[in-house]
Amino acid sequence: SLLESPNSSLTEIEHLTQNVLKSYRETCQLRLEDLQLLRWETFTKEEVGSYQKKSMEEMWERCACHITEAIQYVVEFAKRMSGFMDLCQNDQIVLLKAGAMEVVLVRMCRAFNSENRTVFFEGKYASPELFKSLGCNELINSIFDFAHSLSSLHFSENEIALFTALVLINSNRPWLQEKSKVERLQNNLELAFKHMLRKNHREGILAKLPPKGKLRNLCYQHMEKLRSFRQMYPIIVHAVFPPLYKELFS
Amino acid sequence: LKEKHKILHRLLQDSSS
């Protein structure tokens with residue numbers, strides 16, 4: 001009904017909110033409490049050095065596997081969201097193909113310690129230097145800058161849940177077949193998000209949210225870097241990269 | 001699109017997850 005009725009009641013919006021919060025809680029991959037507990041567990045200099053000495057191929061493969069795992073949780077989040085599975089299969093794929101990585105990047109701010117500019121990676125918090133062997137310092141720094149700016153908003157878990165739902169349900173994605181259905185779900189999610197912010201006196205963050213182009217640009221940079229890596233190591237990508245990662249990004 | 005995204009399509013169809 002959320003996709004068909006002309007107007008949504010406050011009760012419907014409240015149901016949608018509760019559904020999105022529950023779907024998010026069930027699929028958030030890492031618990032915030034655990035991330036907070038490990039907040040100051042950083043890699044030692046020796047450990048950072050050993051990551052930096054890894055080959056570019058090994059580091060790329062590791063990161064591709066972690067991104068793929070994170071994306072699988074986002075797919076599950078989408079599937080549990082009211083209305084998503086009522087969209088046609090083409091549009092489900094379009095939205096996930098365009099938005100899954102963007103959601104992963106937003107979710108990353110939970111695993112980011114802005115006080116020492118580190119991110120949770122393979123059991124501890126890592127600085128950008130740890131990723132040196134990937135050969136994409138500019139992209140890594142842009143992702144860290146993005147996580148830093150998002151952290152300054154001090155998102156609550158509920159805010160992340162609704163914000164990421166809105167990152168995913170975007171009726172402006174190209175190749176949608178039933179744009180109006182996506183628009184309707186997006187409008188309801190926007191109402192739900194704004195209603196929650198108003199209730200918590202947090203409307204101020206609306207003006208500080210990252211522009212949609214920012215996330216799109218980070219994802220574009222990631223795909224460009226993958227393209228360069230693939231030119232250098234086509235066999236590695238073909239043989240050892242996760243199939244879902246290749247399907248989405250190359 | 002479904003043809004080009006078989007894994008994503010399968011994940012979406014999988015009701016056991």
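Chain naming here is simple, since letters A, B, ... match the order of the sequence lines and numbering starts at 1 in each. Just so it is clear, the model here is predicted, and its values are computed rather than measured.
In the displayed structure, K179(A) atom NZ is contacted under 6.0 Å by more than 12 heavy atoms of other residues, nucleotides or ligands. Within a 6.0 Å sphere centred on NE2 of H15(A), other residues, nucleotides and ligands contribute 12 heavy atoms or fewer. Atom CD of E33(A) is surrounded by more than 12 heavy atoms from other residues, nucleotides or ligands within 6.0 Å.
Below 4.5 Å, heavy atoms of chain B meet heavy atoms from Q92(A), I93(A), V94(A), L96(A), K97(A), all part of residues 91-100 of chain A. The interface of residues 211-244 of chain A with chain B, defined by heavy-atom distances below 4.5 Å, comprises P243(A), L244(A).
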task: For K79(A) and D14(B), run side chain to side chain contact (heavy atoms under 4.5 Å, CB included): C-alpha distance rounded to whole Å, both residues' side-chain angles, the deciding distance at 0.1 Å, then the answer.
output: CA-CA 10 Å; K79(A) 283 171 72 177; D14(B) 182 9; 4.2 Å; yes

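Distance alone, capped at 3.5 Å, places no donor-acceptor pair between the Q89(A) side chain and the K2(B) backbone.
When every heavy atom of E247(A) is checked against every heavy atom of L8(B), the shortest pair comes out as OE2-N, 2.9 Å.
The shortest side-chain heavy-atom distance between M85(A) and L12(B) falls under the 4.5 Å cut-off.
Proximity to chain B is absent for every atom of I71(A), based on heavy atoms less than 4.5 angstrom apart.
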